[in-house]
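So the structure is just underneath, and the comments pick up after that.
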Amino acid sequence: MSLKTISVAHVRLISQYWTRFAVRSGSGLVYLLIVLIFGLSVANNLISPVEFLMVQQEKEMGHRDPNAIQETIMTLGKPVVKFVLGTKSIGQVATEASEEPMMMMGPSMVPKEDKTEAGQWAMFLLQDRPALLSASLLILIFGLPLAISFLAFNQTTGDIQSRGLRYLLLRTERSNIFFGRFLGTAIFSTGVIAFLILTIVLYLGLKTRLYPVGDLLIWSIQGFYALSILMLPYIALCAMISACVSSQFLSLILAKLLIAGTLLFAVVGRFAWEPLKYIKWLLPWGWQNHLLHPSFTHWGCASLACLVYMAAFLMLGHRYFAKRDL
Amino acid sequence: MEQEKRPGGLTALAIFNFIFAGLGVIGFIGFAVMLGFMDAIPTDDMAPDQRAQIEAFQEMGTQFFVAILALMLVSLALEIISGIGYLKQKRGMGWMVGNVYAVFSMVSGVVSGLMMKPELGGGFNIGAIIGFVYPVLTLFLLNSTFKEDFIN
């Protein structure tokens with residue numbers, strides 16, 4: 001069974017069907033709710049303190065103080081950026097946050113300029129780009145890979161378990177089913193991400209009016225691109241797992257263990273042996289933050305890395321699926 | 001005639017109903033307890049945003065509190081009944097009550113948002129949008145994806 005058996009028309013038909021019926025099967029509904037609630041909650045936790053400050057200022061002073069608002073945004077955004085980019089541990093971030101003077105009680109100290117690459121990257125995200133959107137995107141980049149398995153775990157495993165694929169194989173080839181369902185899952189995931197980012201950006205642009213529309217648009221397009229391309233290798237990994245196991249539950253558990261476990265093992269393992277931190281590079285965990293890097297080279301390479309991971313997992317999954325007993 | 005198998009999405013919708021109803025029960029109990037102890041909370045040493053929230057609660061009035069609790073109770077009951085209806089694929093108990101729940105939740109969300117102060121999450125904000133996600137999704141799914149699945 002080779003890639004020559006792929007028919008574009010069949011792949012398109014299968015992917016369309018899979019996208020439309022993702023919610024009907026349950027996995028799409030679970031993923032949709034988790035992503036929307038998680039994403040909007042993240043945005044809410046970042047935006048609502050700023051909105052509260054704006055309301056208080058308008059009540060007390062009759063107008064907004066842009067400097068105080070900007071300081072609040074930086075206070076909210078800095079710990080998120082430092083933690084997600086890995087420049088500080090969560091303990092260090094919590095300690096720094098408790099030592100910083102409260103915004104309402106007086107002028108804050110001018111922070112020392114961090115001239116390291118990570119510091120410059122953080123400043124790009126917080127000052128050159130809409131900071132609230134940057135912080136939201138960073139948390140989504142960290143969190144969405146953990147949710148994708150709810151959508152992608154059952155691409156083929158359910159039909160393998162029920163022996164239903166045999167009837168489909170009378171009409172089409174295995175390659176078309178494998179790639180068609182992968183594509184359908186990717187399209188559904190991209191649609192959900194687009195809806196989420198659109199909601200957050202429309203809210204920031206129309207309700208809070210903190211940032212110029214142009215800046216929001218440009219950054220939201222890059223954020224959407226980053227999240228969409230980031231999901232591809234994880235969906236491919238789930239496709240590979242789904243093709244290899246015959247139990248839906250086992251497929252979900254394995255996907256969860258591999259995705260979350262790789263990162264956890266790298267973080268915890270390096271305390272025992274420093275080189276274990278490189279285990280996270282087995283998945284895009286090591287690259288993914290670079291999708292929001294200021295330099296085109298960085299995010300170009302990160303995109304390429306995601307595509308390479310995707311291709312590798314798809315190739316392995318297809319190879320097994322093409323030969324296994326269905 | 002063999003009963004049509006219930007789609008996984010409908011089962012998931014029922015489970016979500018029960019989960020949100022459970023969380024709603026906890027919220028209901030918390031709100032009810034707050035009603036009893038609201039005036040006794042000292043606000044002198046609180047941060048300004050927390051103090052503003054507590055003071056807004058204290059200014060709300062008992063009648064308004066009771067109205068909110070009543071809305072929550074009705075919403076919880078509709079959620080649980082419709083969840084059972086989804087599992088049994090019943091047209092009245094599932095599809096009808098599910099639609100009533102969705103519309104009721106959206107209307108009560110709008111009413112609460114208009115009546116509550118911004119310090120308490122009133123007005124239009126992302127929290128309100130989160131509150132609308134599930135009812136809108138329920139309304140959409142019951143009338144499109146799962147429309148033909150209520151066969152009892």
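In the text below, chain A, chain B and the rest are named by the order of the sequence lines, each starting its count at 1.
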Counting only heavy atoms not in [X], do more than 12 sit closer than 6.0 Å to its [atom1] atom?
X      : atom1 : result
B/F140 : CZ    : no
A/F142 : CZ    : no
B/R91  : CZ    : yes
B/K90  : NZ    : no

| field | Separation of A/F21 CZ from B/T145 OG1 (nearest 0.5 Å) | value |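 B/T145 OG1 to A/F21 CZ: 8.0 Å, rounded to 0.5 Å.
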| CD1 of A/I200 to CD1 of B/I126: how many Å apart, nearest 0.5 Å? |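 One finds 6.0 Å between CD1 of A/I200 and CD1 of B/I126.
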| message | Determine whether B/L137 and A/L29 satisfy the following criterion, side-chain contact (heavy atoms from CB on, under 4.5 Å), listing intermediate values before the conclusion. | response | CA-CA 9 Å; B/L137 197 63; A/L29 176 63; 3.6 Å; yes
| query | Ignoring hydrogens and geometry, is there a side-chain-to-backbone donor-acceptor pair from A/R24 to B/F146 under 3.5 Å? | reply | no
| message | For B/F124, is there any backbone N or O sitting under 3.5 Å from a side-chain donor or acceptor partner on A/K207? | response |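 Yes.
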| Of all of A/S25, A/G28, A/G39, which one pairs up most often with chain B through heavy atoms under 4.5 Å apart? |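 The residue among A/S25, A/G28, A/G39 with the greatest pair count is A/S25.
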| Option in A/V30, A/L40, A/I37 with maximal non-hydrogen atom pairs under 4.5 Å from chain B |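 Ranked by contacts with chain B, first place is A/L40.
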| said: If I measure from the heavy atoms of chain A, does B/T11 come under 4.5 Å with its side chain, its backbone, both, or neither? | reply: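 Neither; nothing under 4.5 Å.
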| field | Toward chain A, the part of B/L141 with a non-hydrogen atom under 4.5 Å | value | side chain
| task | Please state whether the side chain, the backbone, both or neither of A/S27 comes within less than 4.5 Å of a heavy atom of chain B. | result | neither
| query | Considering only heavy atoms, which portion of A/L33 lies under 4.5 Å from any heavy atom of chain B: side chain, backbone, both, or neither? | reply | side chain
| task | Answer yes or no: is there a side-chain heavy-atom contact under 4.5 Å between B/I130 and A/S41? | result | yes
| request: For the pair A/L36 and B/Y134, evaluate side-chain contact (heavy atoms from CB on, under 4.5 Å) and give the outcome as yes or no after the intermediate values. | output: CA-CA 10 Å; A/L36 287 182; B/Y134 190 64; over 6 Å; no
